[in-house]
Amino acid sequence: MNIDAPSKDGLTLKDYGWSAHFQTQLQDDDAGALPVRVVAVHRDALEVSGPSFEGRLAPPHADDEEALPTVGDWLLIDAGTRRVGRVLERRSVFKRKAAGTGRRVQLIAANVDTLLLVTSANQDFKLRRLERYLALAFEAEVTPVVVITKADLADAAPYVEKARRLSSGLVVEAMDARGSEAARALQPWFALGQTLAALGSSGVGKSTLINGLAGHALQETRAIREDDARGRHTTTGRSLHRLANGAWFMDTPGMRELQLIDAASGIEELFEDVASVMASCKFSDCTHANEPGCAVRAALESGAIDARRLRNYEKLQREERRNSESIADSRARAKSFGRMAKRVFAEKLKSREW
Ligand SMILES: Nc1nc2c(ncn2[C@@H]2O[C@H](COP(=O)(O)OP(=O)(O)OP(=O)(O)O)[C@@H](O)[C@H]2O)c(=O)[nH]1
Ligand SMILES: [Mg+2]
Ligand SMILES: [Zn+2]
């Protein structure tokens, strides 16, 4: 497969975000396969795009949610039948616990290079929610950029200041998402073939951003409710779009809830400052209540760490553990059910009279 071979519209695999990470996964028998990228997932079809094929495909079946293609994934499809062969190993993936009581994982996006955490300079801005999204980015080893929109409607400086303190070196940009300053501020992340994804609540301006960056209305946008600044869930599905500057931008529906799963190391990395204070308590099982030599109480008193941050660290840790354990249970059950079904089937075959 020639990675630089251009397609009819002049785009190469590299323009679609292909890299050595994917190239090295190709084997000899993949010679006739076409690599395509998933740009949208519908109930009954996958929408894909690549130098040699663009269109809709029948989605493959799999019991394991995480093995199914998600937006941003690279797939190999059969050049003749257009059947989906396999999903290439992802360079990064975002997942959450599926909303509701189900013990399922939901994939949000794959192969993203930069995650835009979009919030507004209004009631939507919540440090604890930003921390949730940051843990997600750190877990996936994806660069986060906090984007504070609606800077034309309020003084964004205090919001920027607070967001910057969430993690050392964190990039925070405030802007009017409708204007040309958005493209200027985000320019460093827009290299050719780079993939950005925007996550955040409904109404913060994710679709407005993509429209401004594309230079035309790709996605529908709708005014928020005046009383509480909440959006109206205008965007209903995730979709990946190519911008004129050669970068790819994923618009997503406003999230009501992001329950972390398989994100323990992302949480640890984000709260490394708090964790290291905890590690220096005199007793290893210190509850930070009234034990002597408690480093946490001392750090709270001196202002080295703040109570809100400590609370959210403990909350996210508890939640992540609970979610990951419940999914591990259902994964194990699915596996043992699969084994049982196989055994029963084998018995049946044996006892069958031919
Ligand atoms: N004044 C101002 N309005 C903005 C800005 N960003 C977005 N808006 C407006 O906010 C409303 C919601 O924007 P959308 O782009 O639809 O929000 P969204 O994040 O895509 O929302 P969902 O699709 O529901 O998740 C629209 O009326 C936008 O014009 C901004 O920076 N300044
Ligand atoms: Mg939208
Ligand atoms: Zn302690």
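Model, not experiment: these values are computed from the prediction. Atoms within a ligand are numbered from 1 in the order they appear, just like the ligands themselves.
A salt bridge does not link Arg321 to Glu325: none of the charged nitrogens lies less than 4.0 Å from a carboxylate oxygen. Ion pair Lys95/Glu139 not flagged as a salt bridge, since none of the NZ, NE, NH1 or NH2 atoms sits closer than 4.0 Å to an Asp/Glu carboxylate oxygen. Salt bridge status for Glu319 with Arg132: present, with a side-chain N to carboxylate O gap under 4.0 Å. The pair Arg178-Asp152 meets the salt-bridge criterion, since a charged nitrogen lies less than 4.0 angstrom from a carboxylate oxygen.
Between Gln219, Lys206, Glu220, Arg222, it is Arg222 that holds the heavy atom closest to atom 26 (C) of ligand 1.
In terms of protein heavy-atom proximity, atom 21 (O) of ligand 1 is nearest to Gly203 N, 2.8 Å. Scanning all protein heavy atoms for the shortest distance to atom 17 (O) of ligand 1 gives Gly205 N, 3.1 Å. The single protein non-hydrogen atom nearest to atom 27 (O) of ligand 1 is Ala223 CA, 3.3 Å, given as residue, atom name and distance. Protein heavy atom in closest approach to atom 2 (C) of ligand 1: Arg178 NE, 3.4 Å. The protein heavy-atom contact nearest to atom 23 (O) of ligand 1 is Thr235 OG1, 2.7 Å. The protein atom (non-hydrogen) at minimum distance from atom 14 (P) of ligand 1 is Thr208 OG1, 3.5 Å. Here the heavy atom of the protein found nearest to atom 5 (C) of ligand 1 is Lys150 CG, 3.7 Å. Here the protein heavy atom with the shortest distance to atom 24 (O) of ligand 1 is Ser202 OG, 2.6 Å.
Under 4.0 Å from ligand 1, the heavy atoms of Asp152 that appear belong solely to its side chain. Under 4.0 Å from ligand 1, not a single heavy atom of Leu209 appears.
Listed for the Asn111 side chain is a donor-acceptor partner under 3.5 Å among the backbone atoms of Gly72. Proximity of a side-chain donor or acceptor of Asn312 to a complementary backbone N or O of Arg309 within less than 3.5 Å is not detected. Between the Gln25 side chain and the Glu89 main chain, a donor and an acceptor come within less than 3.5 Å of each other.
For the pair Val48 and Leu75, the minimum side-chain heavy-atom distance is below 4.5 Å. Using a 4.5 Å cut-off on side-chain heavy atoms (C-beta onward), Glu314 and Met278 make contact. Side-chain atoms of Leu116 and Phe249, non-hydrogen and from C-beta on, do get closer than 4.5 Å to each other. Here the side chains of Glu131 and Arg308 are in contact, with some heavy-atom distance below 4.5 Å.
The Mg ion (ligand 2) has Ser207 among its coordinating residues (N/O/S atom, backbone or side chain, under 2.8 Å). At a cut-off of 2.8 Å, Thr234 is not counted among the residues with an N, O or S atom near the Mg ion (ligand 2).
Counting atoms of ligand 1 from 1 in the listed order, those under 4.0 Å from a heavy atom of Leu153 are 1 (N). Remark: ligand 1 atoms within the under-4.0 Å shell around heavy atoms of His233 are 24 (O). Atoms of ligand 1 lying under 4.0 Å from any heavy atom of Ala177, numbered from 1 in the order shown and given with element: 6 (N), 30 (C), 31 (O). Residue Val204 approaches ligand 1 through these ligand atoms, each under 4.0 Å from one of its heavy atoms: 17 (O), 19 (O). The ligand atoms of ligand 1 that sit less than 4.0 angstrom from a heavy atom of Gly254 are 25 (O).
Heavy atoms from other residues, nucleotides or ligands lying under 6.0 Å from CG of Asp44 number more than 12.
In this structure, Gly231 falls outside the shell of residues with a heavy atom less than 4.0 angstrom from ligand 1.
Per residue His288, closest N, O or S atom to the Zn ion (ligand 3): atom name ND1.
To the nearest 10 degrees, the angle centred on the Zn ion (ligand 3) between SG in Cys281 and SG in Cys286 reads 120°.
Considering backbone and side-chain N/O of Arg232, none are found under 3.5 Å from N/O of ligand 1.
Between Trp74 and Phe22, the two ring planes are tilted [angle within 30° to 60°].
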